[in-house]
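Below you'll find the structure, written out as structure tokens, and then a few comments.
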Amino acid sequence: MCGELRPEHTGSQVVLLGWVNRRRDLGNVIFIDIRDRSGMTQLVFDKGVNPAVHEKASALRSEYVIAAIGKVRRRDADTVNKNIATGEVEVTVDELKLLNESKLPPFLPSEAGPINEEVRLKYRYIDLRRENMQANIQLRHNVALAIRQDLAGRGFLEIETPFMTRSTPEGARDYLVPSRVHPGEFYALPQSPQLFKQILMISGFDKYFQIVRCFRDEDLRADRQPEFTQIDLEMSFPQPDRVYEVVESFLKAAFKAAGIDLPTPFVRMSYDQAIREYGIDKPDMRLPAMTNIRPAFTDEDLADLRIDGTMNMVAIRIPNVGKISDREKKELRALSEELAKRNKDFAGVLYDFAQMEKKRPQVAAKIRVLCKAGTDDLVVPIVGIAADGKTRSAASQKAQYTSGGEARLELARKYADKHKAFERTGDVARDFKFLWVTDFPMFEYDDKENRWNAAHHPFTSPHEQDMDKLQSDPGSVRALAYDVVLNGTELGSGSIRIHRQDIQRQIFTALGMTDDEARSRFGFFLDALEYGTPPHGGIALGLDRIVMILAGEDSLREVIPFPKTAKAIDMMVDAPTPVNETQLKDLGIKIRG
RNA sequence: GGGGACGUAGUUCAGUUGGUUAGAACGCUGCCCUGUCACGGCAGAGGUCGCGAGUUCGAGUCUCGUCGUCCCCGCCA
């Protein structure tokens with residue numbers, strides 16, 4: 001192939017098939033870089049040596065598809081190109097065949113600069129010819145293959161589950177597929193194969209996995225596509241530790257496929273600790289944690305600074321920011337207001353640390369020590385402002401942490417150039433901060449609907465010790481649920497499931513679901529639970545996100561060959577589209593207004 | 001559903017306070033060139049300034065609307 005020739009091939013006759021990447025016509029000698037997915041090689045056409053072939057070569061243009069037959073020749077020392085792998089050799093062409101011409105593309109695959117994404121997506125077939133996209137798609141293949149091999153090697157079976165299945169309206173919106181045979185009825189595309197994989201456990205396939213497409217009809221983000229690929233797995237008789245081990249093993253294999261030797265096991269942290277120290281359930285540990293700064297204050301300090309000592313107080317540290325300008329101070333105040341707007345429970349402010357250093361230098365000094373802050377580090381205390389006689393709710397206390405977490409990320413993004421924590425150093429332990437977040441709460445309170453919701457999903461098993469609190473204090477029940485997080489991105493989420501019907505019923509009750517409701521939604525599954533269900537659990541990880549991070553990209557679109565835009569449109573095939581009246585009639589569907 | 005950024009040549013962009021024929025680089029076409037590799041030189045073609053209204057003697061520039069792309073919030077059990 002075009003990228004494989006080396007000095008040891010000198011003298012051999014070769015056939016190269018590929019695209020014209022660039023043409024350099026010097027008159028009596030023409031150089032053409034021929035490209036395929038393996039790389040490129042320089043072809044030489046010399047008028048003095050072979051005028052007929054030279055004549056043919058002069059008609060070649062960018063992206064023409066050609067076959068070249070010739071001899072590999074070692075280049076003179078002064079004409080070696082160190083920028084390409086084949087740079088020490090070239091091919092003198094004896095025979096040239098034009099296999100196909102090309103219209104002038106809207107942009108060239110060999111072009112260096114950025115290209116408008118709209119154009120890239122419309123002409124995705126050209127875009128995918130670019131070196132970076134070829135590398136990303138190749139990486140994706142390598143990663144998926146390594147994961148398959150690792151899981152298969154551990155006795156997991158890859159088993160397919162249906163794409164056309166039953167809508168279970170809970171969680172994300174379903175993509176629906178109308179049934180022609182049953183007018184007015186719909187299949188749903190799976191948000192995940194959750195119930196099928198649990199049923200496979202009931203069926204005795206004790207180790208299942210699948211690299212599988214999932215569908216969610218929700219608004220998109222840079223790291224969210226409506227169809228995405230999960231590494232989905234489930235096993236019978238596991239402890240959480242066993243799941244961690246399996247995931248760490250295949251992630252190690254996946255990273256190895258990308259040339260990275262990942263240390264395992266990963267750090268573990270409870271949900272509560274994650275909230276306290278990072279204000280979020282998917283901490284980016286490349287940056288310092290938040291620090292509890294309560295010990296820095298005496299009661300007198302608090303009164304003097306008008307700070308509410310009963311509220312949680314933490315400080316954010318962003319390394320190497322240096323002195324900040326008045327404008328930046330104003331931006332901090334604006335961020336403080338923005339946080340209050342975003343979270344109505346947030347009763348705190350981002351305190352002006354410079355002012356604190358003036359007013360109460362000994363307090364500020366203690367805070368610096370607590371945070372381990374150097375003189376160039378930006379310190380932002382987050383405190384509640386004293387308001388007499390007001391008692392603070394638990395939600396308000398938590399908001400101190402979560403709003404702090406948001407501020408931490410926002411400031412980290414803003415000062416990325418200064419602290420450089422997001423840049424790759426080549427030091428694996430620093431570049432890839434994995435962790436397991438464990439012991440998620442079982443339920444979340446829904447203010448709008450005035451009821452408890454399953455934080456993970458309703459098939460997640462509660463902690464053994466918390467069973468008795470299901471009715472009395474649902475908010476404090478911990479789940480056997482865990483997330484695997486990398487650099488602040490949630491890669492995957494899983495749990496040990498409920499395998500006993502009686503407990504499953506208790507959970508539905510706690511969620512305010514009647515037996516009839518539960519039965520109408522999940523009847524087939526509740527039936528299955530009653531026929532000898534083994535204890536089981538599993539996890540699902542986003543393949544796209546793993547590849548995105550490995551490729552060093554900021555958007556999933558860079559690692560998905562044919563992605564959708566923010567409005568869920570495929571620019572190349574132009575989908576979705578209206579369909580004709582006959583099709584609708586067949587399906588018994590009428591479009592409203 | 002909400003907030004923000006952007007939209008000018010095939011591509012990436014510039015375009016001053018509203019004022020003559022809207023520019024540059026790359027790409028493209030032609031000619032010249034025997035060692036280039038982001039080849040070089042000369043010449044040339046290429047524009048509904050996203051679209052529609054409005055203000056104005058005059059709009060790429062100001063206003064309103066609309067469409068599209070991107071980012072964020074909501075949403076994503």
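Chain letters run A, B, ... following the sequence lines, proteins first and then strands; every chain starts at 1.
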Produce the list of close N/O pairs, under 3.5 Å, pairing protein atoms with atoms of nucleotides 36-40 of chain B; give distances to one decimal.
residue: rU36(B); atom: O2; partner: R24(A); partner atom: NE; Å: 2.6
residue: rU36(B); atom: O2; partner: R24(A); partner atom: NH2; Å: 3.4
residue: rU36(B); atom: O2; partner: Q42(A); partner atom: OE1; Å: 3.3
residue: rU36(B); atom: N3; partner: Q42(A); partner atom: OE1; Å: 2.8
residue: rU36(B); atom: N3; partner: Q42(A); partner atom: NE2; Å: 3.0
residue: rU36(B); atom: O4; partner: Q42(A); partner atom: NE2; Å: 2.8
residue: rU36(B); atom: O4; partner: R75(A); partner atom: NH1; Å: 3.3
residue: rC37(B); atom: O4'; partner: R24(A); partner atom: NE; Å: 3.0
residue: rC37(B); atom: O2; partner: Q42(A); partner atom: OE1; Å: 3.3
residue: rC37(B); atom: O2; partner: N81(A); partner atom: ND2; Å: 3.1
residue: rC37(B); atom: N3; partner: R75(A); partner atom: NH1; Å: 2.6
residue: rC37(B); atom: N4; partner: R75(A); partner atom: NH1; Å: 3.4
residue: rC37(B); atom: N4; partner: T79(A); partner atom: O; Å: 2.3
residue: rC39(B); atom: OP1; partner: R22(A); partner atom: NH1; Å: 3.3
residue: rC39(B); atom: OP2; partner: R24(A); partner atom: NH1; Å: 3.2
residue: rC39(B); atom: N4; partner: D25(A); partner atom: O; Å: 2.6

Could you list, one pair per line, each protein nitrogen or oxygen that sits under 3.5 Å from a nitrogen or oxygen of nucleotides 7-11 of chain B, together with the distance?
residue: rG10(B); atom: O2'; partner: P106(A); partner atom: O; Å: 2.5
residue: rU11(B); atom: O2'; partner: E111(A); partner atom: OE2; Å: 3.2

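In this structure, S555(A) does not reach the rC70(B) phosphate: none of its side-chain N or O atoms is under 4.0 Å from OP1 or OP2.
Residue-level contact check: R413(A) touches neither bases nor backbone, having no heavy atom under 4.0 Å from any strand. Across all strands shown, S110(A) has no heavy atoms under 4.0 Å from either base or sugar-phosphate atoms. Across all strands shown, R545(A) has no heavy atoms under 4.0 Å from either base or sugar-phosphate atoms. Counting non-hydrogen atoms under 4.0 angstrom, D219(A) reaches a base of the nucleic acid.
In terms of polar N and O atoms assigned as donor or acceptor, the side chain of R61(A) never comes within less than 3.5 Å of the base of rG27(B) in a complementary pairing. Put simply, the side chain of R224(A) and the base of rC76(B) share a donor and an acceptor less than 3.5 Å apart.
Counting heavy atoms from C-beta on, the side chains of K197(A) and R497(A) come closer than 4.5 Å.
Summarising the geometry, atom CD belonging to Q191(A) is positioned 8.5 Å from atom CZ belonging to F228(A); distances are rounded to the nearest 0.5 Å.
The pair R173(A)-E218(A) counts as a salt bridge, with a side-chain nitrogen and a carboxylate oxygen less than 4.0 angstrom apart.
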